[in-house]
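Read the structure below first, then the notes.
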Amino acid sequence: MRIDVVTLFPEMFQGFLEGSLLGAAQKAGLLDIRLSNIRDFATGVHRQVDDRPYGGGPGMLLMPGPVVDCVESVLADAPASQPAHVAMLTPAGRPLTQQVAEELASRERLVLLCGRYEGFDQRVCDTLAADQISIGDYVLSGGEVAAMVVIDAVARLLPGVLGDEQSAVDDSFSGTDRLVEGPQYTRPREFRGLRVPDVLLSGDHGQIAAWRHKQALAATSRRTSPTTGQPTQTS
Ligand code: SAM
């Protein structure tokens, strides 16, 4: 999979992309992540990329020209047989869920647009017919951290990226039931008086699976949706 990130701050991604899972995935040729700087497409002596909003209001908006030119140059740099899905990071976007991450991971090519300041001129979205993704109901100062969240969630779903393919299926919000994971334990058997549940030491795989499912159901019903305050759906 190829992911292009369109940003004013490509340097923010350096450590993140070199990290263990993503670094290894890129070295193994499973993932190709490229960074493009919107500033390279600015015109004029000041290489301006932002301006005041029409109608007044605080802050500055990203001008459509440099952003659209940058995305179009990224899109031109790939075979027509590899169509790209363009997604803007914005608080107004559809919420990033595991299902959305799975949908994005099924694409061959993704272009992620990181906003800054007060965000994008609307014509960026209109011109590019871009998908819009939010990583939650709060406001970040830029789309870079949001793009990193999307990349991380997507990359671990790509075949071969995780050491054990089964772990992505067993994870919270995954598989057919989309339950969150219940409690997990490792050694020692007892820690500060807290013992590992006997069933996990029983060696009875049927009972262990039944216990885990029950715990997952309980953990899922204890969660509440951050947006509705209601318990989350269990299927
Ligand atoms: N004025 C915008 C608003 O009220 O919706 C907020 C702009 S924010 C300060 C700057 C940039 O950060 C946005 O253009 C977007 O790219 C990114 N951003 C902020 N919060 C985000 C979120 N929850 N999800 C995705 N991107 C976000």
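Note that these values count all heavy atoms, side chains included, but never hydrogens, waters or copies made by symmetry. Just follow the structure's listing: the first ligand is 1, and inside any ligand the first atom is 1.
Here Ser141 has backbone heavy atoms under 4.0 Å from ligand 1, and that is the only part of it that gets that close. Contact annotation: for Leu89 versus ligand 1, heavy atoms closer than 4.0 Å belong to both the backbone and the side chain.
Residue contacts with ligand 1: Tyr138 is placed with a nitrogen or oxygen under 3.5 Å of a nitrogen or oxygen of the ligand (distance criterion only). The shortest N or O to N or O distance between Tyr117 and ligand 1 is not under 3.5 Å. Checked against a 3.5 angstrom limit, the closest N/O atoms of Leu113 and ligand 1 fall outside it. Polar contact with ligand 1: absent for Ile133 (N/O pair, distance under 3.5 Å). In terms of N/O distances under 3.5 Å, ligand 1 is approached by Ile135. Considering backbone and side-chain N/O atoms, Leu140 comes within less than 3.5 Å of an N/O atom of ligand 1. Considering backbone and side-chain atoms together, Ala146 places no N or O closer than 3.5 Å to any N or O of ligand 1.
Within a 4.0 Å radius of atom 26 (N) of ligand 1, the protein has at least one heavy atom.
For Arg94, the CZ atom counts as densely surrounded, since its 6.0 Å shell holds more than 12 non-hydrogen atoms of other residues, nucleotides or ligands.
Nearest heavy-atom pair, Pro10 versus Gln14, reported as atom, atom and distance to 0.1 Å: O-OE1, 3.9 Å. Nearest heavy-atom pair, Pro83 versus Ser81, reported as atom, atom and distance to 0.1 Å: CD-O, 3.2 Å.
In this structure, atom 18 (N) of ligand 1 lies nearest to the protein heavy atom Pro91 CD, 4.0 Å. Taking atom 2 (C) of ligand 1 as the reference point, the nearest protein heavy-atom neighbour is Glu118 O, 3.6 Å.
Under the 3.5 Å distance criterion, the side-chain polar atoms of Ser174 are matched with a main-chain donor or acceptor of Ser172. Gln26 places a side-chain N or O within donor-acceptor distance of the main-chain N or O of Leu17, the cut-off being under 3.5 Å. No donor-acceptor pair under 3.5 Å is formed between the side chain of Arg156 and the backbone N or O of Ala168.
Ligand 1 has Ser134 within reach: a non-hydrogen atom of the residue lies less than 4.0 Å from it.
The atoms of ligand 1 that sit less than 4.0 Å from any heavy atom of Val139 are 6 (C), 8 (S), 9 (C), 20 (N). The Gly119 neighbourhood of ligand 1 comprises atoms 14 (O), with distances under 4.0 Å to a heavy atom of that residue.
Note on Val169 and Leu157: separate hydrophobic clusters, where clusters join Ile, Leu, Val, Met, Phe, Trp and Tyr whose side-chain heavy atoms are under 4.5 Å apart, directly or indirectly.
Scanning for side chain to side chain contact (heavy atoms under 4.5 Å, CB included) contacts around Phe173 gives Gln98, Val180, Arg223, with sequence neighbours left out. Residues that satisfy the salt bridge (Lys or Arg N to Asp or Glu O under 4.0 Å) test with Asp152, not counting sequence neighbours, are absent from this structure.
With rounding to the nearest 0.5 angstrom, the CZ atom of Arg116 is 15.0 Å from the CE atom of Met60.
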